[in-house]
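Worksheet: the structure to be examined is printed underneath.
Below, read A as the first sequence line, B as the second, and so on, with proteins coming before strands; counting in each chain starts at 1. Everything quoted here is computed from the prediction, not taken from an experiment.
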Protein chains: 2
Amino acid sequence: MRIPKHIGIIPDGNRRWAVENGIKKEEGYDKGISPGMTLYHLCKDLGVEEMTFYGFTADNTKRPSVQRQAFSKACIKAVEVLSKENAQLLVLGKTSSAMFPDELKPYTKRVCFGTGGMKINFLINYSWEWDLGLSDGTIGPELKTSDVSRMDLIIRWGGRRRLSGFLPVQSVYSDLYVVDDYWPDFKTDHVYNALEWYSRQDVTLGG
Amino acid sequence: MRIPKHIGIIPDGNRRWAVENGIKKEEGYDKGISPGMTLYHLCKDLGVEEMTFYGFTADNTKRPSVQRQAFSKACIKAVEVLSKENAQLLVLGKTSSAMFPDELKPYTKRVCFGTGGMKINFLINYSWEWDLGLSDGTIGPELKTSDVSRMDLIIRWGGRRRLSGFLPVQSVYSDLYVVDDYWPDFKTDHVYNALEWYSRQDVTLGG
């Protein structure tokens, strides 16, 4: 099976899952950490070299503050859990805003956990306008995310067939696989199905 | 039914259609003009305000020259046919290259056909790097395609679940609907199914 070098992950559906399971919307985010770790181990074992997780966006921070606090906390906790594994973590997002958690600032330069290995990029308070330099007027010769490579495959949970501003440049040639289940209902079969489908796609890179 | 204001069209599969129908690959492109006109009339009647068609990319011009000539000719012919309708046409792409057809240069500023009405954007020798200013070093405060609005819905024919470099900025929040049939096998039901699906999607614009 042809394994993608770099997989992007859009872990959507935490709030809808919470509502369907009779808990408060903001309580859904914490249920996303364990699936993320299972997914990391699975992809590592398959030889995936790089993964990018869509944590939260600057737009997301306009939601009710109880939700904002909950998803920020879940992202911080995810990094704490990951720090006990082998990985190279880079957190990318608008650090100049108060919405960027102080706890994650040490990771805005790539940090090696354990023996290193898989590159993990985690988008935190990310904004595609910021990435492209469209919002702050500091248009430079490089993307803010120039350290993030082209994504081969993007897997999105939660049924929506869109990118929602996820790395517009690195996603130009990505194959997009959508899982209808919500992210907290993650199953390893979702990933095996995505990889089986991906391995049947031809890679043309726009050619 | 909620009708998208702006629909992007990726008319893929002409060559695969040709092979399956026993004609030469390059003969497939000419079969794409009539579906495009049917689609234009259908969307116009539904009240769609703007459509963007992915004609060909700078990357596509690296294909065998007989194919390149065939898809260029089909695009020129499509504009000739459209010029007899009511529309406002804008052609966007790298005009500085020899791959850009002279016949389409008059349309690189928006031109009104008949009584005007629907905006039609036609990407010709387009490149996302060019659009973002990443390739030519002339990084400006605006996209090269700043006159093209955000796309609500993208419909792609030919089964591939990817954007292939199609307007990375205008597609950030677009819903992507994939038709497995090849573009020359266009049916109006493809569009009605896409619109029915689209009208069930929530519009969050990243929020």
Side-chain angles (χ1 to χ4, degrees), chain A residues 12 15-16 54 56-63 67 126-129 131-143 146 150-156 158-178 194 197-198 200-207, chain B residues 12 15-16 54 56-63 67 126-129 131-143 146 150-156 158-178 194 197-198 200-207:
Chain A
D12 194 24
R15 291 184 298 172
R16 286 173 284 163
Y54 210 6
F56 67 88
T57 64
D59 280 338
N60 294 156
T61 65
K62 294 168 192 157
R63 294 178 186 169
Q67 289 182 25
Y126 173 84
S127 147
W128 63 268
E129 297 99 323
D131 194 357
L132 296 176
L134 295 174
S135 63
D136 60 2
T138 61
I139 295 161
E142 285 198 323
L143 297 173
S146 57
R150 185 174 57 71
M151 294 181 285
D152 302 297
L153 170 65
I154 296 170
I155 313 179
R156 178 171 189 145
R160 289 174 180 153
R161 297 172 184 265
R162 56 174 88 144
L163 290 172
S164 302
F166 185 46
L167 294 172
V169 164
Q170 289 88 346
S171 65
V172 289
Y173 300 134
S174 307
D175 283 303
L176 175 63
Y177 185 88
V178 176
W197 172 81
Y198 173 77
R200 284 186 282 112
Q201 307 307 307
D202 65 328
V203 177
T204 62
L205 302 182
Chain B
D12 194 24
R15 292 184 297 170
R16 286 174 282 164
Y54 211 6
F56 66 88
T57 65
D59 281 338
N60 293 157
T61 64
K62 294 165 192 159
R63 294 179 186 168
Q67 288 182 27
Y126 173 84
S127 148
W128 62 269
E129 297 99 325
D131 194 357
L132 296 177
L134 295 174
S135 64
D136 59 2
T138 61
I139 296 162
E142 284 198 327
L143 297 172
S146 59
R150 184 174 57 71
M151 294 182 285
D152 303 296
L153 170 66
I154 296 170
I155 312 178
R156 179 171 187 143
R160 290 177 179 149
R161 296 168 185 270
R162 55 174 86 143
L163 290 173
S164 301
F166 186 46
L167 294 174
V169 165
Q170 289 88 344
S171 64
V172 288
Y173 300 133
S174 306
D175 283 302
L176 175 63
Y177 185 90
V178 176
W197 172 81
Y198 173 77
R200 284 185 284 114
Q201 307 306 307
D202 65 327
V203 178
T204 62
L205 302 182

Go through the steps to decide whether B/L132 and A/L143 satisfy the test side chain to side chain contact (heavy atoms under 4.5 Å, CB included), and finish with yes or no.
CA-CA 10 Å; B/L132 296 177; A/L143 297 173; 5.6 Å; no
Partners passing side chain to side chain donor-acceptor pair (under 3.5 Å) against B/Y126 (at least two apart in sequence or in another chain):
B/D131
Hey, are the side chains of A/R161 and B/R161 touching, using non-hydrogen atoms and a 4.5 Å cut-off?
yes
Answer key: most heavy-atom pairs under 4.5 Å with chain A among B/V178, B/L167, B/L176 is B/L176
Provide the closest heavy-atom pair for B/D59 versus A/L205 in the form atom of the first, atom of the second, distance.
OD2-O, 3.7 Å
Under 4.5 Å from a heavy atom of chain B, the part of A/T57 involved:
side chain
Passing candidate, side chain to side chain donor-acceptor pair (under 3.5 Å) with B/R160, options A/D175, A/T204, A/D202:
A/D202
